[in-house]
Amino acid sequence: MPNNQVEITTICSDVENSQFKLESLAPEEPTPSKSTTPVIHPQLSQRRSLPRIKILGTGGTIASKAESSSATADYKVDLTIQDMLEAIPDITRICEVEYEQLCNVDSKNIDESILMKIYNGISESLQKFDGIVITHGTDSLAETAFFIESTIDAGEVPIVCVGSMRPSSSVSADGPMNLYQAICIAADSKSRNRGVLVSLNDQISAGYYITKTNANSLDSFNVRQGYLGNFVNNEIHYYYPPVKPQGCHKFKLNISSDEETFNFPDVCIIYAHQGITSKMLNMVKDQYAGIVLATMGAGSMPDKVNKDCLNIEIPIIYSKRSMDGMIPKANLPKDSDGDYRNCIASGYLNPEKSRILLQLCLACNYSIDETRHVFRGVYGG
Ligand SMILES: NC(=O)C[C@H](N)C(=O)O
């Protein structure tokens, strides 16, 4: 590191699972003293105490390099967290950083076994650190953030997910500033008690609701439920006092230490369009434990498909292909007794978050009524 204020200790040098420790060697704070002769209290003579932040690295564009400085596609994910930290030496003035490379992949390759590593990495760090940062590809970052918020009770500790839209090699790469801001946010006491945050492009938002809305631009992450705050010139401005997502159902995962993966029940997503028939539904209904529909509008499916859905014996979540808005329960199909049977409205959740929520309900053996109740939390049900 081109900064002699930093000490890096290699805990485990295996690249995929490497662990490092980064400590500030910043000079001690001057001893406050009213007398003209300085009196150094033994505790004050020790190194100043900075917040301790754990970074869990998973890869993504933030950890990638392309062939040329103008290329923003066709890049390779091969930067370690250590490489990324070298671009933000100022961070040693803010906090002490320890980091662990859980994997180094494009987020299209994040699967249940990697989610498990992230889950375990967070669980192990919660008691020991003041904040946790997860570096992650943006494509599926919102899913990981939703999963963590739904399964980990972090108490006061901020968990900040961060990525970038441009590779590190590009002109005006956004990764270094995004990472710097994410670490500052995780280290700031104002971020306590806010659950899982996503920090990108100067905006701070709730991971539970945020969505990637643009496949290319820096201003990709948007949230109708509102940004929580902004990062400007080293200042963090929250718009609201600490709050956690309304209606978030917390699941307790019982994982034995020798288990390799969550092995969640399979749930698929079917994307609706003009002229859609029940062909796809019929093909998957025996292969999956649940189905999510990305419906047209606020729950619209052709009448014939709705009728068939009422006769399918696995849970069917009515979500939406529109980026914004929600599915009210009133738009679900009903049988002649007014019963929704296995159909459940996703409320404000998009198809990919609905999929995770249904997987968690199924993994916990929730009945259809209990599952409906969980989705009621996000105004569906
Ligand atoms: N901007 C990004 O991070 C996109 C990348 N494909 C990923 O999700 O890993």
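Quick note: numbers below take in every heavy atom, side chains included, and nothing from hydrogens, waters or symmetry partners. First listed ligand is number 1; within each ligand, the first listed atom is number 1. The shown structure was predicted, so the numbers you read here are calculated from the model rather than taken from an experiment.
- With hydrogens and angles ignored, the 3.5 Å screen pairs no side-chain donor or acceptor of S140 with any backbone N or O of E143.
- The protein residues lying under 4.0 angstrom from ligand 1, judged by non-hydrogen atoms, are G60, T61, Y75, D106, S107, G137, T138, D139, S164, M165.
- For the pair R194 and Y238, the cation-pi test (distance below 6.0 Å, angle within 45°) is passed.
- M165 forms part of a hydrophobic cluster together with L218, judged by ILVMFWY side-chain heavy-atom separations under 4.5 Å.
- Between the side chain of S346 and the backbone N or O of Y318, at least one donor-acceptor pair lies under 3.5 Å.
- Of the inter-residue distances, the one linking I316 atom CD1 with R341 atom CZ reads 11.5 Å to the nearest 0.5 angstrom.
- The salt bridge (charged side-chain N to carboxylate O under 4.0 Å, His left out) test with E100 singles out one residue from K128, K117, K54, and that residue is K54.
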